[in-house]
Each structure stands twice: as C-alpha cells, then as structure tokens.
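What you are looking at is a predicted structure, and each value in this text was computed from that prediction instead of being measured. Just so it is clear: chains get the letters A, B, ... in the order the sequence lines come, proteins before strands, and each one is counted from 1.
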There are 2 protein chains.
Amino acid sequence: MDALTINEAAETTGWSPRMLRYVERMGLIESRRSPAGYRLYGPEELQRLRTLRELLAEFDVGLAELGFASRLRREEQLAAAVDAWFEAEPARPDDVEAADWLRFEQEKHQRLLDAALT
Amino acid sequence: MDALTINEAAETTGWSPRMLRYVERMGLIESRRSPAGYRLYGPEELQRLRTLRELLAEFDVGLAELGFASRLRREEQLAAAVDAWFEAEPARPDDVEAADWLRFEQEKHQRLLDAALT
DNA sequence: GAAACCTTGACACGACGTTGGTAAGGTTGG
DNA sequence: CCAACCTTACCAACGTCGTGTCAAGGTTTC
C-alpha cells in the first residue's frame with residue numbers, strides 16, 4: 001500500500017499537484033491509477049520526481065526540453081533524422097557510410113560513458 | 001570565394017537574415033566570419049540550413065528544441081544525467097551496471113540504425 | 001565619399017508554454 | 001452523510017519562441 005495520493009506526493013517531492021499532472025502530460029512520469037482514477041505514486045515515481053527536479057535545476061533545463069528528449073527516445077525516425085543532421089551527413093541512409101556512422105556513434109557513447117565515470 | 005553573405009544566404013535558403021542570426025544563437029549553425037566580422041556561408045552551411053528547414057517541418061520540431069538536442073551533444077555531463085534519468089537507474093555511475101548501460105545503448109543504436117535503413 | 005552592405009542591440013507583437021486558481025462533479029473514510 | 005479528498009476542464013497571468021523592424025555604427029565598392 002506504499003502509494004501516495006497526488007497531494008501527498010506533491011508534499012514530499014516539492015512539485016505542486018498541478019505540476020505533477022503537467023509532468024504527466026509531458027510524457028515524463030506515468031503514475032498508476034486507483035480503480036476510481038486517482039493517481040497513485042509509488043516510491044519509484046517519487047524518487048524519479050525528486051531527481052527530476054535536481055536534474056532540471058542543476059542544468060537549467062525545462063520540462064518541455066526534457067519532454068523533447070523523451071520524444072527523441074520514443075520516435076526513432078525523429079532521432080535518426082536529428083542524428084543525421086548533426087553529423088552533417090548528406091542524409092542518404094543506404095550506402096557504406098552507414099557503417100561508419102554506427103561505429104562513430106558507438107565511439108561517442110564510449111566517450112560519454114568515460115565522462116560519466118569521472 | 002564560394003561563400004555567401006547573410007542576405008544572399010537568406011535568399012537561397014529560405015530563412016530570413018534575422019532567422020539566420022537566431023539559428024546561430026541557438027547553437028545550430030556556426031558560419032565563419034570575414035576579417036571584419038561579416039558572416040560567410042559556404043555550400044556546406046547552406047545545405048545544412050536547407051535540410052534544417054525540412055527537418056523542422058517534417059517532424060514539427062522547433063528551433064529551441066533542436067537547440068536543446070545540440071546542447072545534449074556538447075555537454076556530456078548533461079547528456080549523461082538525462083540518460084541516467086530516463087533509464088531510471090539510481091544514478092550511481094560507479095558499479096557494474098555501467099557495462100549493462102553501455103551495452104543497452106549500443107543495442108539501441110543498432111535498432112535506430114535499422115529503423116533508419118527502412 | 002556615397003550607396004549598399006554588414007554588425008549588435010533594442011522594442012514589439014502574436015502564438016504558445018508554463019503555472020496557478022477555480023468550478024463542477026465523483027470517491028473515500030470516520 | 002459530510003468533510004476532505006480526487007478528477008477534468010477552463011480562465012488568467014506571465015514568460016518564451018519566432019519573427020519583424022528599426023537605430024547607431026563599421027565595411028565594401030564604385
């Protein structure tokens with residue numbers, strides 16, 4: 001039964017109830033619902049809500065921006081298009097350079113991981 | 001000498017001069033500068049500007065959102081934090097799960113690449 | 001040296017995003 | 001059964017985004 005209702009969750013996370021609903025609409029946190037439709041926040045969600053605030057504050061990022069990051073994770077076509085644009089490849093995903101691209105992306109992730117471990 | 005000045009670039013890309021400066025402020029396209037500080041757009045930038053318009057239109061994405069994507073690519077700390085939040089890992093980048101994370105990321109890129117080739 | 005460019009900076013304005021409040025109505029628990 | 005909660009939906013205030021325009025000043029070209 002360790003699930004808080006929206007006002008209690010607001011209390012312990014620092015978000016307002018209004019914002020908790022907004023965060024949900026942004027596609028960032030899905031809480032489960034009671035039979036009657038009440039939002040119920042478990043410890044997992046509460047923790048994510050807290051770290052979300054830290055994340056936004058620490059890097060001066062907005063909910064909409066993180067919402068876009070979420071979109072990037074869910075829409076692979078979009079992610080592919082964005083990646084292609086940033087790499088400035090002439091956007092023809094059907095030749096040998098694709099392999100180069102993948103290799104580059106993986107090296108980049110390696111570097112990113114290294115950075116995260118510092 | 002194949003470099004256009006800002007008004008000429010605006011002409012051939014469909015952006016307004018004002019928007020070209022805005023795009024630059026968003027961190028999306030850096031043009032080189034003449035000794036006097038005039039922006040000079042080479043063929044590469046012109047092409048990127050055109051594909052940028054297509055990208056934004058096709059996926060209904062805003063400049064600010066893509067600006068955030070750009071930030072994600074330049075600020076590794078931010079990218080790592082965002083990744084960590086989305087994976088809902090308890091944010092301790094110093095144990096075995098890091099290896100899992102990397103593997104997951106690479107598999108994801110593989111899927112992304114597959115999607116791009118369809 | 002004047003016309004036609006370029007620069008940065010500011011003000012402006014409509015559309016929309018963010019955040020709060022409130023209203024109308026359903027749910028829960030003592 | 002009533003107080004205290006929850007839901008969605010709407011109105012309002014304020015900020016940001018995207019865009020134009022203008023001003024004050026430097027540059028290029030003829």
Side-chain angles (χ1 to χ4, degrees), chain A residues 1-42 45-46 49-50 52-72 78 82 85, chain B residues 1-42 45-46 48-72 78:
Chain A
M1 191 83 6
D2 53 354
L4 302 190
T5 184
I6 196 174
N7 270 289
E8 300 163 333
E11 194 64 33
T12 63
T13 60
W15 294 95
S16 70
R18 178 69 166 82
M19 277 300 104
L20 289 184
R21 300 195 182 96
Y22 189 60
V23 166
E24 181 177 302
R25 188 117 30 87
M26 292 291 102
L28 294 177
I29 293 217
E30 356 77 56
S31 81
R32 84 169 192 278
R33 298 295 189 107
S34 83
Y38 286 19
R39 289 174 183 79
L40 292 177
Y41 296 88
E45 285 85 24
L46 296 173
L49 282 167
R50 294 196 197 93
L52 178 58
R53 308 202 77 220
E54 293 168 19
L55 178 58
L56 299 189
E58 182 176 0
F59 294 97
D60 193 30
V61 168
L63 281 174
E65 298 174 292
L66 218 55
F68 181 64
S70 166
R71 236 191 113 186
L72 279 178
L78 172 56
V82 167
W85 188 83
Chain B
M1 187 90 0
D2 53 355
L4 302 190
T5 182
I6 195 172
N7 269 289
E8 301 163 331
E11 194 65 31
T12 63
T13 59
W15 294 95
S16 71
R18 177 67 165 83
M19 277 301 104
L20 290 183
R21 300 194 183 96
Y22 188 60
V23 166
E24 181 178 303
R25 189 116 29 87
M26 292 291 102
L28 293 176
I29 294 217
E30 355 76 59
S31 81
R32 82 169 194 279
R33 298 296 189 107
S34 84
Y38 286 19
R39 289 174 182 80
L40 293 177
Y41 296 88
E45 286 84 24
L46 296 173
R48 272 167 73 74
L49 282 167
R50 295 195 197 93
T51 49
L52 177 59
R53 308 201 79 218
E54 295 168 17
L55 178 59
L56 299 189
E58 183 175 359
F59 295 96
D60 192 32
V61 168
L63 283 172
E65 297 175 291
L66 217 55
F68 181 64
S70 166
R71 243 192 106 185
L72 279 178
L78 172 56

> Got a second to check how far Leu78(A)'s CG is from Leu72(A)'s CG, nearest 0.5 Å?
5.0 Å

> Among residues 10-18 of chain B, which residues get a heavy atom nearer than 4.0 Å to DNA chain D?
Ser16(B), Arg18(B)

> Which whole-number value in Å describes the distance from Arg21(A) CZ to dT18(C) P?
17 Å

> Could you give the CD1-to-C1' distance, from Ile6(B) to dG26(D), as a whole number of Å?
16 Å

> Output one line per pair: protein atom, nucleotide atom from nucleotides 26-30 of chain C, and distance, for all N/O pairs under 3.5 Å.
residue, atom, partner, partner atom, Å
dG26(C), N2, Tyr38(A), OH, 2.5
dT27(C), O4', Tyr38(A), OH, 3.0

> Which pairs pass side chain to side chain donor-acceptor pair (under 3.5 Å) with one or both residues in residues 18-29 of chain B, sequence neighbours excluded?
Glu24(B)-Arg33(B), Glu24(B)-Arg39(B)

> How many whole angstroms separate atom CG of Leu63(B) from atom P of dT16(D)?
17 Å

> Leu56(B) and Gly62(B): which non-hydrogen atoms are nearest, and at how many Å?
CD2-O, 4.1 Å

> What is the nucleic acid contact for Arg39(A), judged by heavy atoms within less than 4.0 Å: base, sugar-phosphate only, or nothing?
sugar-phosphate

> Rounded off to whole Å, could you give me the CG-to-C1' distance for the Asp60(B) and dC16(C) pair?
12 Å

> Take Val82(A) and Val61(B), measure what side chain to side chain contact (heavy atoms under 4.5 Å, CB included) needs, and give me the verdict at the end.
CA-CA 10 Å; Val82(A) 167; Val61(B) 168; over 6 Å; no

> Please find the pair of heavy atoms, one from Leu20(B) and one from Thr13(B), that lie closest to each other, and give the distance.
CD2-OG1, 4.4 Å

> Just the rounded figure in Å: distance from C1' of dT8(D) to CG of Leu20(A).
16 Å

> Expressed in angstrom and rounded to an integer, what is the separation of Leu66(A) atom CG from dG17(C) atom P?
17 Å

> So, Trp15(A) side chain and Leu49(A) main chain: donor-acceptor pair closer than 3.5 Å or not?
yes

> Strictly below 4.0 Å: does Tyr22(A) bring a side-chain N or O up to OP1 or OP2 of dT18(C)?
yes

> Please name the pair of heavy atoms, one in Ser70(B) and one in Leu28(B), separated by the smallest distance, quoted to 0.1 Å.
CB-CD2, 3.9 Å

> Thr5(B) side chain to Glu8(B) main-chain N or O, any donor-acceptor pair under 3.5 Å?
no

> Go nucleotide by nucleotide along DNA chain C from the 5' end; which of Arg33(B) and Glu65(A) gets its closest nucleotide reached first?
Arg33(B)

> For the backbone of Thr12(A) and the side chain of Arg50(A), can you confirm whether one donor and one acceptor N or O come within less than 3.5 Å of each other?
yes

> What integer distance in Å separates Arg25(B):CZ from dG18(D):C1'?
12 Å

> Using atom CE of Met26(A) as one end and atom C1' of dT18(C) as the other, report the distance to the nearest whole Å.
9 Å

